[in-house]
Amino acid sequence: MQDAETLTPAEALRAPGIETPASAPPAEAERPKMKRTVENRQLKRIQHIHTVVMTVAGLGGLISAICLHFLVQPVSAAALGIFGLFFFSVGMGLTIGYHRHFTHRSYKAPTALRVLLGILGSMAGQGPIVFWTALHRMHHEMADKPGDPHSPNLHGEGLVNKVRGIWHAYIGWTVQHEVPNANFYSRDLLADAPIMWVNKRYYLWIALGLALPALLGLALTGTAYGALEGLLWGGLIRMFALHNVIWWITSFAHVFGSRDYQSRDLSTNNFWLALPTLGESWHNNHHAFPRAAILSLHWWQIDISGGVVAILEKLGIVSEVCRVSAEDKQKRQANPSRH
Ligand SMILES: [Zn+2]
Ligand SMILES: [Zn+2]
C-alpha cells in the first residue's frame, strides 16, 4: 500500500488494499483533458436557488409545526413515527445510496435496489444523483485544499477565521460552490441508464417525498390534520433535518474530533454524531478508506448504514462489499507525533 501522502486523487477514490472493480471512476490518466468545473453562470444560479428553496421550505415546515404544536394541538405520535420512518428511509438513500454506492462504489447492488436508493436519496432535496456524486467526488479529490467545495479549513488562522470557515462549510458553500463537471467526475453514472432515468425525474421524487408522508398521515389518522402533520414531519422537517445532518459532516467532521487514520485532509471522527448521521460521522475513517462500505473500524463505532449494508449482504441482496482489512487499518494508523 502507498503512503497516504503519495496517493493521486483518482487513487484516493479507491481504498488502499481493496481491489477496484471495473465500474469505479476511471483513473486520472485515462480521463480526457477536461475542466473540473462548468463555467455556466445560469446553471450555477439555478443550483444555488434550488438550495435556498429547499432550505427555506424545510425551515418553514419546522416553524409551522412548532406553531401548530403550541396553538392547535400537541404533535401526535403518528407524526413523530412518520418522521422517524422517512428520516431513516431517505437517510439510507443518501448514505448507502448516494454516498457509499453511487459515489464510492463500495458494494454492488441489483438494479431494483439501486433505483430505489436513487429515488429515496433524491427525496432529500440535495440535488440529483449525478450532481451530488460529482460534487462529493470533487470534495474527496481536493479535500481541505483550494477547489474543495466545502472545506472549513481554508479561511485562515485565528478564532474569527475558524468560525468563518465553519459557517462556510456548514451552509455558506451551498450558495457559493462551483458547478462540478459531471463529464469529468460522474462519467460512469452518465452511462448508467437506470440511474439516469431516476436522475431526470428528480423533482418528481421530491414531490413524492412530500406526498407519501401526507398520505400516510391521512391513512393513520383519517383526518386532513393528520395529513398536514405527515407532510410537515415526514416531508419538510425530515428534509430540514437531513440537510443539517449532511452539513454537520461537511463542517464539524473536518474540524472537531479525532484523526485516527492518515488521510490527505483534515477529516475527523465524531462519536457524538454517529447516531443522527446514521454512521457518516466516522468521517476520518471514510477519508482514509473512501471505498469502504462499513465505516465502523472498532466494535464501539456505531455505523447504522454500514449495518444495513451488512444485513443486505447476509440476505444475498448486495455483493462485493468493500471492507477495510486489519493490515490496511494498521498501516494507516495515525502517527501520534503528527497530531
Ligand atoms: Zn465520501
Ligand atoms: Zn469530507
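Order of appearance sets the numbers: ligands from 1, and atoms from 1 within every ligand.
- In summary, Glu157 and Lys162 do not engage in a salt bridge, as defined by a charged side-chain N under 4.0 Å from a carboxylate O.
- Protein N, O or S atom count below 2.8 Å of the Zn ion (ligand 1): the structure gives 5.
- Per residue His283, closest N, O or S atom to the Zn ion (ligand 2): atom name NE2.
- Taking the Zn ion (ligand 2) as reference, the nearest N/O/S atom within His254 carries the name NE2.
- Residues Ser186 and Val130 approach most closely at OG-O, 3.5 Å, considering heavy atoms.
- Connectivity analysis of hydrophobic side chains (ILVMFWY, heavy atoms under 4.5 Å, direct or indirect) links Phe271 to Trp282, Leu295, Trp299, Trp300.
- Between Arg137 and Glu141 no salt bridge is recorded (no basic side-chain N to carboxylate O distance below 4.0 Å).
- Proximity of the aromatic rings of His50 and Tyr202 is defined here by a centroid distance below 6.0 angstrom, and this criterion is met.
- Salt bridge absent: Glu313 and Lys108 never bring a charged side-chain N and a carboxylate O closer than 4.0 Å.
- Scanning all heavy atoms of the two residues, the minimum distance from Gly279 to Asp303 falls at CA-OD1, 3.4 Å.
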